[in-house]
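Worksheet for the structure shown next.
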Amino acid sequence: MPTACRSAVVKFGGSAITVKSEPLTVNWEALDSLSEQASRYVASGGRLVVVHGGGSFGHYMVEKLRAERGGLGPLEVAEVQRSMATLSLAVVSSLVGRGVPAVVHPPHTFCAGETCDYSPVRRDLDAGLVPVTYGDGVLAGGRAIIISGDRLAAQIASFVGADCLVYASDVPGVLGPDGRPLRSVRPGDPIAELGVRGSDVTGGMRYKLREAASSTSRLVRIVHWRDVLRALQGEEVGTQVLP
Ligand code: IPE
């Protein structure tokens, strides 16, 4: 009998909720499916925090501004934050439209550089809300730091004591060197080297595995976006990340 997750952090990967090859384009099919799955999970009594990635909003914006202006200062950070705030509105609209009480926590309000205080997220979670936050650009000492949603998700999962941490992606899990999905993986294991479609400024699958494995959640999985609810219900879908 699979053990369902009583509380979870789900990362909506940018590869899932945006069209990575099309700048500033939401993949509504994937986003609405994820929101529907989140809605069923919450309706069944699950406690949930959502973290989302940047995809063709944040990653695209960072790369474009770096190329055009040679670096990211205050104005560029503001532009990155605007693009991520736009995507976060799409995410909460989709969630609220399905009856999920989702509220946005922009990272720059609780992160000083890479050091984040997750108390506001926990306060809203305890109040019965579904906090939503995301990878973002923040200004520290006049320069931009890009905070990865993968890291935020792992740290929030530990901070709120979530028993499950699920990363939703556009692939069926972590692929092994032969190109087939692995049932489980540890951060140092050999995996397929995937070419990145679109931009990625925060470090790909190996980085994700390191962050994912660092959380204290009892169950960490990387799954296709269609399989998030099954993962939350305790089914063995996608790839389990072991510490
Ligand atoms: C990236 O967040 C945020 C920015 C580039 C501003 P993530 O690194 O979590 O995004 P995805 O999920 O890989 O797209």
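We count ligands from 1, going down the list as the structure has it; atoms in each ligand are counted the same way. No hydrogens, no waters, no symmetry mates; every other heavy atom, side chains included, goes into these values.
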For the pair His105 and Phe110, name the ring-plane relationship: parallel under 30°, tilted 30 to 60°, perpendicular over 60°. perpendicular
Does a side-chain heavy-atom distance below 4.5 Å link [X] with [Y]?
X: Val50; Y: Phe12; answer: yes
X: Leu209; Y: Val185; answer: yes
X: Val166; Y: Lys11; answer: no
X: Arg183; Y: Gln240; answer: no

For ligand 1, which atoms have a heavy atom of [X] less than 4.0 angstrom away?
X: Gly135; result: 2 (O), 3 (C)
X: Gly13; result: 12 (O)
X: Gly55; result: 14 (O)
X: Asp150; result: 9 (O)
X: Val80; result: 6 (C)
X: Asp136; result: 3 (C), 6 (C)
X: Lys11; result: 9 (O), 11 (P), 12 (O)

Could you name the option among Gly58, Ala16, Gly14 that has the heavy atom nearest to atom 5 (C) of ligand 1? Gly58
Closest by any non-hydrogen atom to atom 7 (P) of ligand 1: pick that one out of Ser83, Ala144, Gly149. Gly149
Smallest heavy-atom separation, Ala154 atom then Glu211 atom, equals CB-O, 3.2 Å
Among all protein heavy atoms, pick out the one at the shortest distance from [atom]; state its residue, atom name and that distance to 0.1 Å.
atom: atom 1 (C) of ligand 1; value: His59 NE2, 3.6 Å
atom: atom 8 (O) of ligand 1; value: Thr202 OG1, 2.5 Å
atom: atom 10 (O) of ligand 1; value: Gly54 N, 2.9 Å

Of Lys64, Arg66, Arg69, the one forming a salt bridge (charged side-chain N to carboxylate O under 4.0 Å, His left out) with Glu79 is Arg69
Verify whether one side chain among Asn27 and Thr18 offers a donor that lies under 3.5 Å from an acceptor in the other. no
